[in-house]
Protein chains: 2
Amino acid sequence: MSSSNSKTTPAKIIRSTSEFAAYVGLARTTVSRVLNGQPGLKKKTIDRVQRAIEETGFVPNAYALHLKGKRPATVGVCMQNIAFPPLVQKLASLHRKLRERDVTTFIEIVEGGDSTSIIRHFLSLRVDAVVFMGYFDEDRVAQHLRGLSTNGTPSLVIDHFGIKGANTIYLDRARGMAALTNHLLDHGHRRFGLLGYSETFRSTFERERGIREALAARGFSFEESTMNLDHKHDRGRDFEYGRALAHSFIESKRLPTAFIALNDEIAIGAMHGLKERGLGVPGDVSVTGFNNQDICLMTAPSLTSVDQRVDATIDVAVDHLLEHIGQPLRQRTSVRMIEPLLVVRESTGPARLK
Amino acid sequence: MSSSNSKTTPAKIIRSTSEFAAYVGLARTTVSRVLNGQPGLKKKTIDRVQRAIEETGFVPNAYALHLKGKRPATVGVCMQNIAFPPLVQKLASLHRKLRERDVTTFIEIVEGGDSTSIIRHFLSLRVDAVVFMGYFDEDRVAQHLRGLSTNGTPSLVIDHFGIKGANTIYLDRARGMAALTNHLLDHGHRRFGLLGYSETFRSTFERERGIREALAARGFSFEESTMNLDHKHDRGRDFEYGRALAHSFIESKRLPTAFIALNDEIAIGAMHGLKERGLGVPGDVSVTGFNNQDICLMTAPSLTSVDQRVDATIDVAVDHLLEHIGQPLRQRTSVRMIEPLLVVRESTGPARLK
DNA sequence: CTGAAAGCGCTTACAG
DNA sequence: CTGAAAGCGCTTACAG
């Protein structure tokens, strides 16, 4: 089956204003003026060009326009990957909000590729700013940031905390974990199992600090209150990992009254692991996740988690970008913290009394 | 804290080959030759330019290069949204595989925006092909395809079946559902509850056809074998929707022995709904999902589902694109079917005997 | 309304 | 190795 190419379709495909002007039967200059909505044109001329546009589907060459200075504001977004739902949400939100401000977003995904060539590509496209989103190799990013800086291009790092000289917007994970810890303390929990906290490539350190400080504020010692059995397992799929960790805790005979998991998947795995061994959530053990993904609602019991507040984060990002686009590079770097939101659900409750 | 701008950083930001040539102290022509790796240059000259590149971070303007005919192959991908995990997987896979073939991907997300302006943008960028991915308004896409066709730009529609004149790569949902139905028939199921099949904007029709044909092949009537209570609910969040549908079926006193859900989320909701009313899966009711997302493994029991075979789909897409890029438009449209993969897990088993 | 011209940043022959 | 020139597709003064 082929598409029907009927009468109105011109034989020739038009790719430049000269060709287009010839097709319309007007001067190149005149056509250009119509295209740019300049005054002093007869209605009839405008209509003629308009009609020809519809017939031919002609669109001026963006590359030539760019050279003439008619370029939309553009931002290059460098994503580490797009396998992680909260990251994809941020990307979608950023893209949408920038479009509302007439900023074009170029998206590139590193994921096994060469981030250096991506940055070069953005630079060759003369983007007005570069955004990094995801968990990168810190040295690599720091190096890119230096390159961008000497190039005069503003940059922004979302959610990767602690890169030197980086404009950063960062979810205050410490604060989120402190809120979570306080919630559990309020329920009488005193012994906590940490699930997945020996990870190094994620921003685990900040999270641990939050737990530590919340415990200290109530007079508890982190070392005495928490347990970690991560070393017993190779990190695999999060869900299976959480399940195996729960089993290990049960077998260790030192089962805490609450599990604090690195993310929702591990938490859900742990809930399964507990259930398989006849333990109830939150009756026997309370369980918490992180990220507040949709699946938190799909488990029984539903999962207490910490929300990343994607929209708030991206609002701040967009404001930052708009402020810096087209401006000379500031020498001061800015670091903005976003406060996460604790979402309490059914998986957390009063600590079981021994 | 500010980033350190040390000795090697030039005061001036270099944005053109002329400026760069002046900086190096060579002719523009010579610099250009080095940049393009042309022969007949002294090692010393090459090194000099190389060093200057490192010092200044100069990257030639992609827009000017494009005008001179030095343009990488590019594909524009128009995504309906990126909220749906299998869709995001396809995007990531397509992006990666095209990059491996040195094709640059421009990604745009419609999602409440104006798809016409996106197509215009792609056209102005003179992309070599446009890919549509997601569930679009058919008339709108058909119109875009016509525009692209008169423009001489190849196009490809992934996973939206039945658009006239469209090069299509399509998951053969009918076949997947037939396999699923046969699996259930083999287990003795004869009464099926359809969950979410009254949806019209998704490719539900094809799926229903698969079920219908599988039933017919075994001598069963679709009308007598299936039940649908979708009309009792407003479609909300999939999970809640599935749960409510399960409740309705239980209350209707005509509970089928198997639920066939439109997607994994609805299936998982239904499993919860059954459990809440004291019914076991698959003991009392078997449940199937669609998409084979990660969450299929995170439920108890794990969920039988149909896998979209993202990689196979995208392999076919990449082959198609590579074949059509830079070629004159073919008049014949091609439609390629991908066979889905039934993944049997714990949520399906023998039908309960009455 | 038209036409010739300059120029955006590049590359590539073409003479030196 | 250098330099002047042409030209990619556009826009914008500038004279008709």
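Each chain gets a letter, A, B and so on, in the order its sequence line appears, and its residues count up from 1.
- Between B:Lys70 and C:dT12 there is a side-chain polar atom (N or O) within less than 4.0 angstrom of OP1 or OP2.
- Closest approach to the A:Phe58 side chain among D:dC10, D:dT2, D:dA4 is made by D:dC10 (side chain taken as heavy atoms from C-beta onward).
- A donor atom on one side chain and an acceptor atom on the other are found under 3.5 Å apart for A:His144 and A:Ser115.
- Out of C:dC10, D:dT11, C:dT12, the shortest distance to the side chain of A:Arg28 is found at D:dT11.
- Between B:Thr30 and the phosphate of D:dT2, there is a side-chain N or O to OP1/OP2 separation shorter than 4.0 Å.
- In this structure, A:Ser16 reaches the sugar-phosphate backbone alone: every heavy-atom distance under 4.0 Å involves primed, P, OP1 or OP2 atoms, never a base.
- Between D:dT11 and A:Asn36, a contact under 4.0 Å exists linking OP1 or OP2 to a side-chain N or O.
- Ring orientation note: the planes of B:Tyr23 and B:Phe20 are close to parallel, at an angle under 30° on the 30°/60° scale.
- Taking every side-chain heavy atom of A:Leu67 into account, C:dG9 is the closest of D:dC10, C:dT2, C:dG9.
- Between B:Arg126 and D:dC10 there is a side-chain N or O to OP1 or OP2 distance below 4.0 Å.
- Nearest-nucleotide assignment on DNA chain C puts the 5′-proximal partner with B:Ala64, out of B:Gln38 and B:Ala64.
- Judged by distance alone, with hydrogens and angles left aside, B:Lys68 brings no side-chain donor or acceptor close enough to the base of C:dG9 to form a pair under 3.5 Å.
- Remark: of the listed residues B:Asp315, B:Thr313, B:Ile314, B:Thr313 is the sole one forming a side-chain contact (heavy atoms from CB on, under 4.5 Å) with B:Ile338.
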Before giving the answer on side-chain hydrogen bond (donor to acceptor under 3.5 Å, both in side chains), spell out for A:His95 and B:Glu108 the whole-Å C-alpha distance, their side-chain angles and the decisive distance to 0.1 Å.
CA-CA 8 Å; A:His95 180 275; B:Glu108 287 284 354; 3.1 Å; yes
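- Between C:dC10 and B:Thr17, a contact under 4.0 Å exists linking OP1 or OP2 to a side-chain N or O.
- Proximity of B:Ser32 to the phosphate of C:dT11: a side-chain N or O atom is located under 4.0 Å from OP1 or OP2.
- C:dA4 is unpaired under the Watson-Crick or G-U wobble criterion, no partner having all donor-acceptor distances under 3.5 Å.
- When both pairing distances are held under 3.5 Å, D:dA13 makes no Watson-Crick or G-U pair with any nucleotide shown.
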